[in-house]
Amino acid sequence: MNQPNPILRIWQMGESQHKSLIFSIVSAICGVALGMLPYFSAANIIVGLLNGTRTLSFYMGWLALALAGYAARTLLYSLALIKSHKATFSILKTIRQKILAKLPNLPLGTVVDMSSGKMKQIIVDMVESMETTLAHLLPELTANLGGPLLIFVYLLVLDWRMALLSLVSIPVGMIFMMTVMGSYTKDFAGAVKTTQEMNGTIVEYIGGIEVIKAFNQGKNSYAKFTDRVRSNAAYYYRWMKRSQFGMSMSYAVAPATLITILPIGWIFYQNGSLSTEVYITTIILSLGIAGPLLAAMNFVDTLAQVGTTVQAVDELLEAEEQHHSQTPVKLKDREIELSHVSFGYLQDRQVLKDVSVRFPAHSITALVGPSGSGKSTIAKLIAGFWDVKEGTVSIGGTDIRNIPLKQLYDQVAFVAQDHYLFDETIRENIRMGRPSASDDEVERVAKAAGCDGFIRELERGYDTRVGSGGTHLSGGERQRVTIARAMLKDAPIVVLDEATAYIDPENEAILQKAVAELVRGKTVIVIAHRLSTIRDADQIVVVDNGEIKAVGTHAELLKTCPLYGNMWQAHIGTKDGDVV
């Protein structure tokens, strides 16, 4: 599939600001045109001096014209940049808003598979890099190309021979530059890749610092971190070193227009085929050709970057969304059913294989099985984190793809053992379960979840910020806050993924009571490794290698499912006096 032109794609992204961008381009071109007046004035003043003109008004007139041209160029150029920058920052804001609005509509796998370092680089760094293209490239590149073109046309009118001579050095300089720019797109793509790898390693190192210290892996982890940083620096060093000769020669040769204008023009002058006025004017005007062209060439690297940048942004903006109906539906109950579901996060690896299972409404169903068997995948499919392509997942007899995402998310409260807390106050983290809840309602569910005691012992109580990811709280405290949040949501379907994993023994009874309150009268799915916590479930589903091996009560499975029996024996093997 052919990629769209990156400049055209950026132009499409900035549709709301087209008028401002066009205005800035026109202003810049007019500024460049008027900026030629000082060159004409200088040429005429020199000719006047050579001809012996002694009239003060003659020189004052040309000086005034030069000053007016310079002032007009500065004013129009500044106006062009002001308009383009305002338009650009509005466009960048819109692009970021589109990306952030897109993320909740993407399957969770699309987001999870992308490292946080890469995500940050796209949303922050790469979108920001468009500022140069939009705010500078469009007005400045146009003006820097238009200025030399106007000078060249004027030189053609004066003397076509001198006009061609003024261009001789420029193509030679451009040849040197192209030796560098020919591989720029590939080099820049490599730079983006190595930077993403470095960012990912930095985020991983910082995020895992607790584990690194706990297991005394600081030396190895820091070595990996420094290796990535040095690799990133080495890539840029080698790239710049390869580019140095070509760029230096380009900037040395391209502006040397006088190397042909002076000697050959002198020959024409001596032969009488070139007047003094035209000779002097050509010398001065030729000096104004290479400068703007070199300034324009400075944007070549920006043009090469744009393709990679736009592709990365479009990777998010055009990623396949979950396709759900937009019309709310009425669900007859909260029974959940998976019918012939096959699913995999990667195309070449199936996690679930032809799974069919029913979760009756207002019942508690436990999912058990070895690690990696597919238990959490089943739960997340029910929660709508992914859509299945083979088989169906239904709630109340309705395929969840026919349920709007907002309505679907309102149906399910998902409590995982590592649930995330935002860097906000405890009160606001709980209130995310139902944003309209009052402070009294927040504190009431906090008491029910066993949170109130430790919260009130904090210096600022419910107004204490929990830190990024809830790092200021212990694992058990974070878990209780997430359960309080789920209780406040009061969804009819509750998914508990090892919801009491971090709870200390003295608080487990409080939390078990809170969980019992949370799940009362609801359709509940429990993922558990401690089988003693789910032995009283209405039904237990045994999952192994992505397949349903057995469904039944605790007593039934002990008799009919060897896998469950082995798991139960392994669970109680170290407990004295346990009775089956």
Side-chain angles (χ1 to χ4, degrees), residues 20-88 132 135-160 162-163 165-167 169-170 251 254-259 261-262 265 269 274-299:
S20 294
L21 292 173
I22 291 173
F23 178 87
S24 70
I25 292 172
V26 173
S27 296
I29 292 174
C30 292
V32 168
L34 292 172
M36 293 174 59
L37 293 179
Y39 291 99
F40 291 120
S41 299
N44 281 279
I45 288 172
I46 292 174
V47 171
L49 291 171
L50 292 175
N51 290 336
T53 303
R54 296 179 179 275
T55 305
L56 181 61
S57 60
F58 172 82
Y59 296 104
M60 292 302 295
W62 284 112
L63 287 174
L65 184 62
L67 180 61
Y70 179 79
R73 180 190 182 282
T74 302
L75 178 63
L76 289 171
Y77 182 72
S78 299
L79 182 60
L81 288 184
I82 289 172
K83 293 292 288 186
S84 65
H85 275 84
K86 285 184 176 180
T88 294
T132 300
H136 295 273
L137 185 146
L138 291 177
E140 291 187 38
L141 181 62
T142 305
N144 286 326
L145 293 176
L149 180 61
L150 289 175
I151 292 175
F152 179 69
V153 170
Y154 184 70
L155 290 178
L156 284 175
V157 174
L158 292 179
D159 190 302
W160 66 270
M162 299 301 289
L165 286 173
S166 69
L167 298 181
S169 64
I170 295 175
Y251 282 100
T257 55
L258 296 183
I259 201 169
I261 290 288
L262 286 177
Y269 174 73
L274 185 66
S275 67
T276 303
E277 292 82 356
V278 173
Y279 187 28
I280 296 300
T281 302
T282 302
I283 291 173
I284 293 176
L285 290 182
S286 69
L287 297 174
I289 295 178
L293 286 178
L294 286 175
M297 290 302 295
N298 285 333
F299 288 105

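Reckoned from all heavy atoms, side chains included, excluding hydrogens, waters and symmetry mates.
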Can you classify the ring geometry of F40 versus Y154 as parallel (below 30°), tilted (30 to 60°) or perpendicular (above 60°)? perpendicular

Between M36 and L150 the two heavy atoms that sit nearest each other are SD-CB, 3.6 Å

CH2 on W62 to CG on L67, rounded to 0.5 Å: 14.5 Å

Backbone N/O of L37 and side chain of S41: donor-acceptor pair under 3.5 Å: yes

Quick one: does L155's side chain get under 4.5 Å of S166's, heavy atoms only? yes

Could you state the interatomic distance from CG (N44) to CG (L63), rounded to the nearest 0.5 Å? 11.5 Å

Please check if atom OH in Y279 has more than 12 non-hydrogen atoms from other residues, nucleotides or ligands closer than 6.0 Å. yes

Roughly how far, to the nearest 0.5 Å, is CG of L274 from CD1 of I280? 9.5 Å

Under the 3.5 angstrom rule, does the side chain of S24 hit a backbone N or O of L21 as a donor-acceptor pair? yes

Nearest heavy-atom contact between A28 and A80 is N-CB, 3.8 Å

For a side-chain contact (heavy atoms from CB on, under 4.5 Å) with E277, tell me which candidate from N51, L50, L158, I46 qualifies. N51

Side-chain donor/acceptor of T281 to backbone N/O of V278, under 3.5 Å: no

To the nearest 0.5 Å, what is the distance between CG (L76) and CD1 (I29)? 11.5 Å

Mind checking whether L167 and T257 have side chains closer than 4.5 Å, heavy atoms only? no

Quick check for you: to the nearest 0.5 Å, what is the distance between Y39 atom OH and I283 atom CD1? 14.5 Å

Please check if the number of heavy atoms outside I259 that lie under 6.0 Å from its CD1 is greater than 12. no

Using a cut-off of 6.0 Å, state whether more than 12 heavy atoms not belonging to F152 lie near its atom CZ. yes

Is the backbone of F58 close enough, under 3.5 Å, to the side chain of T55 for a donor and an acceptor to pair up by distance? no

Using a cut-off of 6.0 Å, state whether more than 12 heavy atoms not belonging to Y59 lie near its atom OH. yes

List the atom of L34, the atom of P38, and the distance in Å for their closest heavy-atom pair. O-CD, 3.9 Å

On the ring face of Y77, is R73 found with NZ or CZ under 6.0 Å from the centre and within 45° of the axis? yes

How long is the span from the CG atom in L156 to the CE atom in M162, to the nearest 0.5 Å? 12.5 Å

